[in-house]
Amino acid sequence: MAKLRKIAVTVVMVVVWFVMFAMLIPMESSRGQWATVAICLLINGGLAVLYSCIGNRPATFRQWLKR
C-alpha cells in the first residue's frame, strides 16, 4: 500500500510541474510567472514532505531530519 501511495504522490508532483509550465508559457506578466512558480514550489514541497513520511511516520521533526 505504501508503494502505491508513493507512486500516486510522484505522479501528482509531475502533474504539478506540467501544469506550471503550461501556465508559464502563455503568461506575459512577470509577477504572474513568479507567483505561479512560488505556488507550484510550495505545493511540490508539501508533496515531498508527504512522500518522505509515507511508510514510517517520524514522531518529531528532529527524527524526520535524521532519516
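The figures here come from the full heavy-atom set of this structure, side chains too, leaving out hydrogens, waters and symmetry mates. Keep in mind that what you see is a predicted model, and the values were worked out from it rather than measured. Counting begins at 1 with the first residue of the sequence.
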Query raised in the report: Using a side-chain heavy atom cutoff under 4.5 Å and only I, L, V, M, F, W and Y, what cluster partners does M20 have?
Result: W17, F21, L24, V37, L41
Query raised in the report: Which atom names give the shortest non-hydrogen contact between L47 and V9, and what distance separates them?
Result: O-CG1, 3.6 Å
**Report entry** Distance, nearest 0.5 Å, that separates NZ of K6 from CG of L50
**Finding:** 10.5 Å
Query raised in the report: Which residues satisfy the side chain to side chain contact (heavy atoms under 4.5 Å, CB included) test with V14, sequence neighbours excluded?
Result: F18
Query raised in the report: In terms of hydrophobic clusters joined by side-chain contacts under 4.5 Å, are Y51 and I43 together?
Result: yes
Query raised in the report: Going only through I, L, V, M, F, W and Y residues with side-chain contacts under 4.5 Å, is there a path from M13 to V19?
Result: no
